[in-house]
Amino acid sequence: MEPSQDQRLKTANNEQMDKVIKEEEPHETHSFQWCWNKKSTTITCNKAGTVESLLKRSSQFRKIANRNKNKELVIVRDGKAISSHFPCSLIKDERIIIKYVDGPKQPLSRSDRCQRKGSSSELVTFHLLTKGGKDVVKIMRNPALKNYIEEMTVYAYRGEKVKRALKRDGRLGNIVFTKNCALSNTTTEVTTEMSDLVDCLDGKTFRIKLLDKSSPPDSQSSSLEDAYTTPNESQRCDSEGNRDALQQSTTAKSVNVNTPKQKAGLDGKKEPEIVLREIANSTKMQSYPPSQINDSVKGKKSQPVFKRSRIQNLYRVEYGKSAEACRDVKTMKTLMELSNFVCQVRTNGRAEGSGFLLFDKFVLTNGHVVDSVYNESTRQLTETVTVHFSFESLGQQDSGALVEEVAGFQNCCDVSGHKHDWALLKISAKQKLPKGLLTRFGFLPKSGGICIIGHPGGCVKKIEPCLIVPTENFNQVVERHRLKNPEGVRPHNPHYSENNAPFQLITSRFFDDVKNDKENEQFLLYNSSLSFGSSGSPVFDDHCNVVAMHSGGHPYRNARGEERSVIEYGYPLSVIIEHIIIQMVERRRFDVLKEYLACSYKHQQQMMTNVKKLVESRNLSFKNVVTHDERLKKLFEFISQREDSVPMDTN
């Protein structure tokens, strides 16, 4: 009896998978357990491959698979279903549960036919709910899967788009790709479109939602993809398994330009080169006769008129911004140089926030950025924290600089009810570092423009100009948002939910709380579009002085589902420095104080006077501090004197 077409296809696929696995490079040995009917078996691996291919090395699993050959294999990891072609290198010292459910089998994916070689650091994983949002509830190719599991985990390669990763996964139905769908973060409700890159999705959970009833902008996204193909993308396989097909097509048409020399970041890593690609069909457009252009200018309707694309609408909105937020070229050039001092803070490779080199080997960021991995009682980090100064291109890989310790930390309110949220991180750097942004210190301006440089959403380094909101205008800003939302809003602050239940629409309570927030009285207020991940970014004034550290805002989602924010804020750098100095004296961290005093800056004398006033207001005494360093002696004598005295000599 001849095998059926499905059996022949399955046999061919398995042979192809085995061929791919044999070509894979060895990796670090790791083990995990797989469980079937409450019986666990340990399996060890030292060669790259998929979870299913590794399981097939077990005779026990092959027997189970043979008994369930007409059902779909479901592999559950940490309560979430992973695909059968999930990279085995991502599972270490864990237990996975094997299930078989009725329904169509999961097809062999592209990654099984042609997997990329490389370390697991190139991979990101994110989670999807197996039930979609309104008008797109049934999203699974196998509807029975949602009856067994509520979430699934998807893996992807850095530098590729969401749509590509979801199609490779193979478990979603066609409706996700034929309708105009997107990912909605279940925590923040921030939307990620199919054409966005996966780099910022690591570890987050999303729900598939329908943006609108229009068709997805496939033609538009594909043309943009051709124009901005990343180096990693060009090395992947196409749909026919051609590894170098995309690379050859883009390289052959690459623009011949003078590529700028690579610059080294503060952590010693080279910044990636800019790769320019020719826009698709541009050669054809160059051949258009001038008459077509003249027809357009004269208003003749010889060419069809199309509606504005999504990208064109975005540009149209951006041009509507206030001209006061613009910056002259000279200022922007200076800010671009200062951006080299800005870094991304990561915990175990996971983006947590932003920061900047303040002086010597000390990086300043928000306390809440490292709060979850810092034991304040022992003053020890519980996990590995690194800072990355050169993360300016997606797909870029570097080890960054290791954080040796948290030299100073504060994430609480003082007796006056004012919030303080900062952490001073000492980094390990082999090369001599520049003096840091303390040399650009400045006091808060009352009005005007500012610029923020950081890593919003855990992505590459970005810069945003925006305008200060004067304190006297704060209530007007809050009321304007209240009037625009008479039906109520959904705030992001978990304070408004009970037992992590979904937020309910509320009316004036949220805006009243924003107006009455006493913690924010000394903040610098402004309107920006920076999102989560920007905490710890330096805020520059019109003179390129660092005046504050970006820390948070009051975001909400209106009844139409649109993301908005009442206002954003940053902590004055002057207040942070005052508290750093006092805490370093209290902790006897003379090594930090010596490096601080060695970094002279314009307003250092004024800052010492402010520290002295703060010491007096808190009734502190540092008269008994013993040190042999002359500069430190002068510092302690100055801040301990109660009567008016001559300015402190910092030389």
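Residue numbers start at 1 and run along the sequence shown. Both backbone and side-chain heavy atoms feed into the values below; hydrogens, waters and symmetry mates do not. None of the values given here were measured: they were computed from a predicted structure.
- A distance-only check finds no donor-acceptor pair linking the side chain of Thr347 to the backbone of Val385 [under 3.5 Å].
- In this structure, Tyr569 has its ring center at least 6.0 angstrom away from the ring center of Tyr526.
- The shortest non-hydrogen separation linking Thr382 to Ser372 is OG1-O, 4.4 Å.
- In summary, the aromatic rings of Phe441 and Phe443 are positioned with their centroids under 6.0 Å apart.
- In this structure a side-chain-to-backbone donor-acceptor pair under 3.5 Å is missing from Asn411 to Asp421.
- Ring pair Phe389/Phe356: centre-to-centre distance not below 6.0 Å.
- Taken to the nearest 0.5 Å, the CZ atom of Arg587 stands 12.0 Å off from the CG atom of Leu593.
- Panel note: side chain Ser535, backbone Ser551; a donor-acceptor pair is recorded below 3.5 Å.
- A donor-acceptor contact shorter than 3.5 Å links the side chain of Asp629 to the backbone of Leu632.
- For the pair His388 (side chain) and Ala401 (backbone), a donor-acceptor distance under 3.5 Å is absent.
- For the pair Thr365 (side chain) and Ser354 (backbone), a donor-acceptor distance under 3.5 Å is present.
- Put simply, the side chain of Asn516 gets close to the backbone of Asp512: a donor and an acceptor are under 3.5 Å apart.
- Cys459 is linked by a disulfide bond (SG atoms under 2.5 Å apart) to Cys200, counting only residues two or more places apart in sequence or in another chain.
- Remark: Glu405 engages Arg589 in a salt bridge, criterion side-chain N to carboxylate O under 4.0 Å.
- Residues meeting the side-chain hydrogen bond (donor to acceptor under 3.5 Å, both in side chains) test with Asn348, sequence neighbours left out: Glu383.
- A cation-pi arrangement is not found for Arg440 relative to Phe341, the charged atom failing to lie both closer than 6.0 Å to the ring centre and inside a 45° cone about the ring normal.
- Glu464 places no side-chain N or O within donor-acceptor distance of the main-chain N or O of Ser528, the cut-off being under 3.5 Å.
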Can you list the steps and then say if Tyr571 with His550 is a side chain to side chain donor-acceptor pair (under 3.5 Å)?
CA-CA 7 Å; Tyr571 294 97; His550 178 70; over 6 Å; no

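- Judged by distance alone, the side chain of Asn558 and the main-chain N or O of Asn485 form no donor-acceptor pair under 3.5 Å.
- Classification of Glu352 and Arg350 as a salt-bridged pair holds, one side-chain N sitting under 4.0 Å from a carboxylate O.
- Aromatic ring centres of Phe590 and Phe636 lie closer together than 6.0 Å.
- By the 4.0 Å N-to-carboxylate-O rule, Glu479 lies close enough to Arg482 to be salt-bridged with it.
- Remark: Leu573 CG to Leu444 CG distance equals 9.0 Å, nearest 0.5 Å.
- A donor-acceptor contact shorter than 3.5 Å is absent between the side chain of Lys461 and the backbone of Cys343.
- Ring geometry, Phe126 versus Phe206: the interplanar angle exceeds 60°, so the pair is classed perpendicular (tilted spans 30 to 60°).
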